[in-house]
Amino acid sequence: MESTVTVRVPGTTANCGPGFDTIGIACTIYNDLTVTFGGKPGFTLAVSGEGAGAIPANDRNIAYQAVKAVFGKVGRPLPGIRISMRNSIPLARGLGSSAAAIVAGLVAANAATGGTLDNRDLLALATEIEGHPDNVAPAILGGITVSFTAGGGPQSLRFDPPGELKLIVAVPEFGLSTKAARQVLPKTVPHADAVFNVSRAALLVGALCRGELDYLRHALEDRLHQPYRAKLIPGMADVLAAAVANGALGAAISGAGPCLIAFARRQAAGPIGGAMVRAFEHNGVKAAYLDLDIDSAGAKVIEAP
Ligand code: HSE
């Protein structure tokens, strides 16, 4: 017998400047994933929208790996799996497309097997597949998340954002793999840079919790990854500066890049995206922009048997 589950999962922006591998925010851009369980053994995949033709339809598919992880965890034999993805989140751009695929697979399989896993179980499985918790946590929980590992597993503190915060994302036409963007990072950093990031990350969480948004100008600064990744994103400094010059509170790399994200008050957001795109273009990079809000729901089952 076949059963079908459809899940909607938000894209996410991670790091948010200083919160490397720690801070993440769910955004109002979504992928829908439908999984049919049962029927012919094996795995088939159909993709429409972002990533069509580029996402592997084999064991390397991370949504399929996520489905298998849930069946393994709950001790059930894996049935035939048909996955259909309708994707709006751009691939390999730093907006959490892989986290969305993983979380969608986990949530669909959990729904199909009786919903025995809670969010903490899902976070642990998702982090194991993704390698770091900062995108998968907000993809599961929505809102803003601060993730950490303790007692052998990941945990997340989740909170809601100030209502007036907008996220403007400049999306260049080239992709960048997280693996390549992590390879340019040093194994150790100067103590002064670590202190700099502790101060900014703490300030960022405080500013977002209290809605004291003027602090974002400094709270989005970073010395752990952005300086090293600048060479992978032509025009990065110009685009970040253009965002601030046109009304953004602050700006940063989205995740591992190459998207760059500006944080703005709703009423000031209008000119920012165009200015960021023009700054990319002055550096020879074609780009578009997305005008997003913060998603507070996280992953949702939208259709189940
Ligand atoms: N924290 C990760 C990184 C996010 O910056 O490499 C990538 O998805």
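In listed order, ligands and their atoms are each counted from 1.
Of the protein's non-hydrogen atoms, the one nearest atom 7 (C) of ligand 1 is His132 CE1, 3.5 Å. At the shortest separation from atom 8 (O) of ligand 1 among protein heavy atoms lies Asn135 OD1, 2.9 Å. The shortest contact between atom 6 (O) of ligand 1 and any protein heavy atom is with Arg182 NH1, 2.6 Å.
Distances below 4.0 Å separate heavy atoms of Asn15 from the following atoms of ligand 1: 1 (N), 3 (C), 5 (O). Taking a cut-off of under 4.0 Å to the non-hydrogen atoms of Arg229, the atoms of ligand 1 that pass are 3 (C), 5 (O), 6 (O). Close approach to Phe20 involves these atoms of ligand 1, each under 4.0 Å from a residue heavy atom: 3 (C), 5 (O), 6 (O).
Looking at heavy atoms from C-beta onward, Val171 lies out of side-chain contact with Tyr289 at the 4.5 angstrom threshold.
Which of Ile253, Thr22, Asp21 comes nearest to atom 1 (N) of ligand 1 through a heavy atom is settled by distance: it is Asp21.
Between Arg265 and Glu164 there is a salt bridge, since at least one side-chain N of the basic residue sits less than 4.0 Å from a carboxylate O of the acidic one. Note on Lys166 versus Asp291: salt bridge recorded, some NZ/NE/NH1/NH2 to OD/OE distance being below 4.0 Å.
Shown here is Lys73, whose NZ atom has no more than 12 heavy atoms of other residues, nucleotides or ligands within 6.0 Å.
For the side chain to side chain contact (heavy atoms under 4.5 Å, CB included) with His132, the qualifying choice from Thr22, Asn15, Thr149, Thr178 is Thr178, the only one to do so.
Counting heavy atoms under 4.0 Å from ligand 1, residue Asp134 touches it through the side chain alone.
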Apply side chain to side chain contact (heavy atoms under 4.5 Å, CB included) to Ser84 and Arg86, showing your working.
-> CA-CA 7 Å; Ser84 164; Arg86 287 172 301 284; 3.6 Å; yes
